[in-house]
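Chain naming here is simple, since letters A, B, ... match the order of the sequence lines and numbering starts at 1 in each.
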2 protein chains.
Amino acid sequence: MLSKRYDAVNMNSSTALSALFLDIFRANAALVAAGDQLVAPLGLTSARWQVLGTVAMANSPQPVAHIARDMGLTRQSVQRLVNELADAGLVELRDNPHHRRAKLVCLSDKGQATFVSIHKLQRPWVDGLAEGMDVARIEAAAEVLRALRSRLEQGLDERAE
Amino acid sequence: MLSKRYDAVNMNSSTALSALFLDIFRANAALVAAGDQLVAPLGLTSARWQVLGTVAMANSPQPVAHIARDMGLTRQSVQRLVNELADAGLVELRDNPHHRRAKLVCLSDKGQATFVSIHKLQRPWVDGLAEGMDVARIEAAAEVLRALRSRLEQGLDERAE
DNA sequence: GTTGAATTGACAGTATGCTGTCAAAACGGT
DNA sequence: ACCGTTTTGACAGCATACTGTCAATTCAAC
C-alpha cells in the first residue's frame, strides 16, 4: 500500500520534472537570445556581457581561472571570452605579483564605460520583465532549480568516482 | 506613495529575477551535462536523444522543419542532428507523398531499440531526481519559467517589428 | 493557369561551451 | 633543497545552436 502510494507520488513528480526540463531548455534559449539582442547595440554578446559583469563586480582583479569558477564555467571558455574582450579593449591583463603566468583581468576605461551603459540598458529591461511577477513565486522557482542542479551534480560526481 | 510602493515591489522582483537568470543558466548546463552522461553508453548525446525522442513520440512521421518547431529549435540545428542520426542508422528518411523535398523522419529498427534502451535508463534516473521533490513546487517553477519565456519572446517580437 | 508568399532543405559562417592535452608556474610535504 | 601535486594558461578538436542566404517546392490567391 505504502509503496503504491509512494510510486504514485513519485510518478507524478517525475512527470512534472520531465516537463520542467523542457521549460528550462526553452527559458535558457530565450534568455540567451534576449540578452544577445539587449547588448548587441554595444557590440557585445550575452556571454561577454556576463564575463564583463563578473570582472566589474569582483572586489579585486582576478585571474581567468578564478573568474571561471565564479561563473561555473570552464577555464577555457572564459579564457577565450577574456581574450576577445581584451582584443576589443574592454579589459586589460595586468601582471600578477603572485603568479607570473596568471595575469589579472581588469576593466579598462572603455570597459568601465561599457559596463555603465549595460546597466542603463539592463535595469529597465529586467524591471519590465519582472513587472507584475510575484517575488515569492520567482524565488520559489529559483529554489527548485538550485535543488535540481544540486541533485544533478551529485549524480555526476557519483558517476565520476 | 503608490509609485514608491510599486517601485519597491518591482525592485525586489527584479532582483529575484536576476538571480533566477543565473539559476536557469546553471540548471540548463547541469541538465545537458547529466543528459550527456546518461545516454553516452548508447553512443548518444543529449541533443540527439531529444531529437530521437521527439521523432519517437510523434503520432506520425514529420519533416525536419516540423520537428524543429515542436522542439523550439531552428530547422538548421535539427537538420544536422537528423542527418547524424541517419548516418548512425537510428532514423530513416522516407519519401513524403505530399512534398518531394521534405522527407519524413522515421525511427529505424535500431532507432526503436535505442529508444527502448533510453527509456530504461531515463525512467529510474528521473525518478531518482524527483524523489522527495514536491509536485506542486515543480509545477509552480515550470509556470514561472513559461511566463518568463513568454515575456522574453514577446520582447524579442517587439524589437523585430 | 499563373504569380507571389510560405515552406523546406542545403550550405556557409559565427558564437558558445565542452573535453583533452601540454608546459610553466606555484605550492606543500618531506 | 627536492619532488609530487595543484593551478594556470595555451592550443586543438568537437558538439550544439544561431543567423543569413539560396534554390526547389508547395500552396493560396487571383
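Phosphate contact (OP1/OP2 of C:dA15, side-chain N/O of A:R80, threshold under 4.0 Å): absent. Note on B:R69: a side-chain N or O is less than 4.0 Å away from OP1 or OP2 of C:dT8. The shortest distance between the side-chain N/O atoms of A:S77 and the OP1/OP2 oxygens of C:dC18 is below 4.0 Å. Here B:R48 reaches the OP1 or OP2 of D:dT16: one of its side-chain N or O atoms lies under 4.0 Å away. B:T45 has no side-chain polar atom (N or O) that falls below the 4.0 Å cut-off from OP1 or OP2 of D:dA15.
Between B:F21 and A:W125, the angle of the ring planes lies from 30° to 60°, which puts this pair in the tilted group.
The CG atom of A:L104 sits 9 Å away from the P atom of D:dG9 (whole-angstrom rounding). Note: CD (A:Q79) to P (C:dT21) measures 20 Å, nearest angstrom. Between B:W49 atom CH2 and D:dA15 atom P the separation is 19 Å, expressed in whole Å. Whole-Å rounding puts the B:L81 CG to C:dA10 P distance at 14 Å. B:M71 has its CE atom 11 Å from the C1' atom of D:dT16, to the nearest Å. When the C1' atom of C:dC22 is taken as reference, atom CZ of A:R75 falls 11 Å away, rounded to whole Å. Between the CZ atom of A:R100 and the P atom of C:dA24 there is a distance of 12 Å, given to the nearest Å. We find that CZ of B:F25 is positioned 20 Å from P of D:dT16, with the value rounded to whole Å.
Map B:E84 and B:Q76 each onto its nearest nucleotide of DNA chain D; the residue landing nearer the 5' end is B:E84. Across the interface with DNA chain C, nearest-nucleotide mapping of A:H99 and B:N83 shows B:N83 to be the residue nearer the 5′ end.
A salt bridge between A:K103 and A:E92 is absent, with no side-chain N of the basic residue lying under 4.0 Å from a carboxylate O of the acidic one.
B:V32 comes within 4.0 angstrom of nothing in the nucleic acid, heavy atoms only.
Cluster annotation: B:L81 and B:L42 are assigned to the same hydrophobic cluster (Ile/Leu/Val/Met/Phe/Trp/Tyr, side-chain heavy-atom contacts under 4.5 Å, transitive). Residues A:L107 and A:L104 do not share a hydrophobic cluster, defined by chaining ILVMFWY side chains whose heavy atoms lie under 4.5 Å apart.
Between D:dA24, C:dG17, D:dT19, one nucleotide has an atom nearer to the side chain of B:R101 than all others, and that is D:dA24.
In summary, the side chains of B:D70 and B:T54 do not present any donor paired with an acceptor at a separation below 3.5 Å, with no hydrogens or angles considered.
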